[in-house]
Amino acid sequence: MEPVTLTTDRLLLRTVGPDDTEAVYRAAQDPVMQRWISQFPSPYLREHAEAFTGQMVPDGWAGDSMYTFGLFLRGEAPGGEGPGGAELTGMLGITMRALGVGEVGFWAVREHRGRGYVCEATLAAARWAFTALSVDRLEWRAEVGNVASRAVAERAGFTVEGTLRSGVNNKGVRRDCWVGSLLPSDLGLPSTAPYLPART
């Protein structure tokens with residue numbers, strides 16, 4: 001799939017490329033992100049950012065396996081970090097896990113946390129996934145203790161379904177993780193396949 005661009009009231013969600021490497025590299029120096037994001041090497045080197053923006057992101061779009069969006073402020077005055085003067089506020093990706101099932105992951109640049117940007121982007125990306133990708137279940141996972149990620153997921157409407165023992169591998173250590181889901185019906189959208197919930 002060719003990369004797409006989404007917009008919200010405050011954000012432009014677009015793919016990232018080599019021009020965004022410096023902004024990604026600077027953001028990734030945050031020790032909080034290196035602690036909680038299992039995909040982040042520590043230390044995070046410039047070569048990691050180059051591989052992310054130059055290979056991982058475009059390969060994900062081309063292979064329909066991972067759809068990555070940089071979250072940029074809209075209407076920013078010239079002189080920002082990214083192309084077109086837009087400042088990077090975070091990153092969001094949807095990875096396809098199975099037929100009709102995607103998993104969302106996200107992070108926020110330290111200076112932009114607490115403003116609701118990632119929640120806003122998550123809802124926009126979820127609507128896109130449900131309508132354009134025929135996703136019927138969007139999952140979220142985070143290591144137990146990552147309360148900031150959980151707060152974003154819950155504000156976006158995810159139902160936290162439980163804890164998976166040894167559910168993530170964070171830098172060679174197996175750790176428990178929370179898992180949650182968002183369904184099209186949670187956003188008032190139809191599913192592509194019928195859903196028959198269990199009777200309790």
Side-chain angles (χ1 to χ4, degrees), residues 11 13 15-18 20-57 59-60 65-73 80-82 87-97 101-126 138-182:
L11 300 172
L13 281 64
T15 191
V16 292
D20 303 298
T21 299
E22 179 62 25
V24 171
Y25 172 71
R26 285 203 308 268
Q29 299 312 301
D30 180 5
V32 172
M33 291 206 300
Q34 292 186 23
R35 161 62 183 90
W36 290 112
I37 300 176
S38 60
Q39 296 87 354
F40 266 34
S42 183
Y44 192 98
L45 307 177
R46 185 172 301 278
E47 64 194 51
H48 298 132
E50 291 171 350
F52 177 72
T53 60
Q55 182 174 5
M56 185 180 299
V57 170
D59 286 356
S65 58
M66 181 175 66
Y67 309 96
T68 303
F69 297 92
L71 316 181
F72 295 89
L73 291 178
E81 295 178 1
E87 184 175 355
L88 180 71
T89 66
M91 198 73 60
L92 180 147
I94 294 177
T95 303
M96 298 309 296
R97 296 299 185 197
V101 179
E103 180 180 337
V104 66
F106 44 70
W107 51 260
V109 176
R110 177 171 48 197
E111 294 79 9
H112 294 288
R113 290 181 191 143
R115 301 178 187 178
Y117 292 141
V118 176
C119 181
E120 187 174 315
T122 299
L123 285 167
L138 190 60
E139 296 184 341
W140 157 87
R141 297 173 192 231
E143 184 181 323
V144 171
N146 189 348
V147 295
S149 180
R150 179 168 177 158
V152 169
E154 290 181 329
R155 282 197 301 270
F158 281 75
T159 296
V160 177
E161 298 169 332
T163 301
L164 302 178
R165 296 186 303 159
S166 188
V168 294
N169 184 326
N170 192 339
K171 301 168 186 67
V173 178
R174 301 296 312 186
R175 300 177 187 268
D176 296 346
C177 75
W178 291 313
V179 61
S181 69
L182 188 71

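The chain is numbered in sequence order, starting from 1. Keep in mind that this is a model prediction, so the values were computed, not measured.
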J.: Who are the side chain to side chain donor-acceptor pair (under 3.5 Å) partners of Ser65, not counting sequence neighbours?
T.: none

J.: Run the side chain to side chain contact (heavy atoms under 4.5 Å, CB included) test on Tyr44 and Ile37 for me, step by step, so that the C-alpha distance in whole Å, both residues' side-chain angles and the decisive distance to 0.1 Å come before the verdict.
T.: CA-CA 12 Å; Tyr44 192 98; Ile37 300 176; over 6 Å; no

J.: Less than 4.5 Å apart, any side-chain heavy atom of Leu73 and any of Tyr117?
T.: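 Counting from C-beta outward, Leu73 and Tyr117 do come under 4.5 Å.
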
J.: So which heavy atom on Ala28 is nearest to which on Gln34, and how close?
T.: O-NE2, 2.9 Å

J.: Of all the heavy-atom pairs spanning Asp176 and Ser166, show the shortest one and how long it is.
T.: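 Reported closest heavy-atom pair: OD1-N, 2.9 Å.
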
J.: Roughly how far apart are Thr122 OG1 and Leu138 CG, rounded to 0.5 Å?
T.: 8.5 Å

J.: Rounded to the nearest 0.5 Å, how far apart are CG of Asn170 and CH2 of Trp36?
T.: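 If we round to the nearest 0.5 Å, Asn170:CG and Trp36:CH2 are 8.5 Å apart.
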
J.: Does Arg113 use its side chain to pair, donor to acceptor, with the backbone of Ala108 at less than 3.5 Å?
T.: yes

J.: So Met91 and Val24, side chain to side chain contact (heavy atoms under 4.5 Å, CB included) or not? Walk me through it.
T.: CA-CA 9 Å; Met91 198 73 60; Val24 171; 3.8 Å; yes

J.: To check you understand the geometry: which heavy-atom pair defines the closest contact between Ala27 and Val109, and what is its length?
T.: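 Taking Ala27 first and Val109 second, the nearest heavy atoms are CB-CG2, 3.9 Å.
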
J.: Show every donor-acceptor pair shorter than 3.5 Å between a side-chain atom in residues 147-160 and any protein atom, with sequence neighbours excluded, or say none if there are none.
T.:
residue: Ser149; atom: OG; partner: Trp140; partner atom: NE1; Å: 2.9
residue: Arg150; atom: NE; partner: Glu154; partner atom: OE2; Å: 3.2

J.: Can you tell whether the side chains of Glu143 and Arg35 come within less than 4.0 Å, N to carboxylate O?
T.: yes

J.: Thr53 and Gly17: which non-hydrogen atoms are nearest, and at how many Å?
T.: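 Heavy atoms of Thr53 and Gly17 come nearest at CB-O, 3.3 Å.
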
J.: Measure the CG-CH2 distance between Asn146 and Trp178 for me, rounded to the nearest 0.5 Å.
T.: 7.0 Å

J.: Can you tell me how far the OG1 atom of Thr89 sits from the CH2 atom of Trp107, to the nearest 0.5 Å?
T.: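 One finds 9.0 Å between OG1 of Thr89 and CH2 of Trp107.
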
J.: With rounding to the nearest 0.5 angstrom, report the NE2 to CG distance, His112 to Leu11.
T.: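 Between His112 NE2 and Leu11 CG, I get 10.0 Å after rounding to 0.5 Å.
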
J.: Please give me the minimum heavy-atom distance between Lys171 and Ser42, naming the atom from each residue.
T.: CE-CB, 4.0 Å

J.: Measuring from atom CE of Met33 to atom CZ of Phe40, what distance do you get when rounded to the nearest 0.5 angstrom?
T.: 4.5 Å

J.: Quick one: does Glu50's side chain get under 4.5 Å of Gln55's, heavy atoms only?
T.: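 No; the side chains remain at least 4.5 Å from each other.
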
J.: Can Met96 and Tyr67 be said to form a side chain to side chain contact (heavy atoms under 4.5 Å, CB included), step by step?
T.: CA-CA 9 Å; Met96 298 309 296; Tyr67 309 96; 3.8 Å; yes

J.: Checking the side chain of Asn169 only, and the main-chain atoms of Arg174 only, is there a donor and an acceptor separated by less than 3.5 Å?
T.: no

J.: Could you give me the CA-CA distance, side-chain angles and deciding distance for Phe52 and Val16, then say whether side chain to side chain contact (heavy atoms under 4.5 Å, CB included) is met?
T.: CA-CA 9 Å; Phe52 177 72; Val16 292; 4.1 Å; yes

J.: Are any of the side-chain heavy atoms of Leu13 and Leu92 separated by less than 4.5 Å?
T.: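 When only atoms from C-beta onward are counted, Leu92 and Leu13 do not touch, as no gap falls below 4.5 Å.
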
J.: Looking at Met56, is its backbone amide N or carbonyl O close enough to the side chain of Asp59 to form a donor-acceptor pair, meaning the two atoms are under 3.5 Å apart?
T.: no

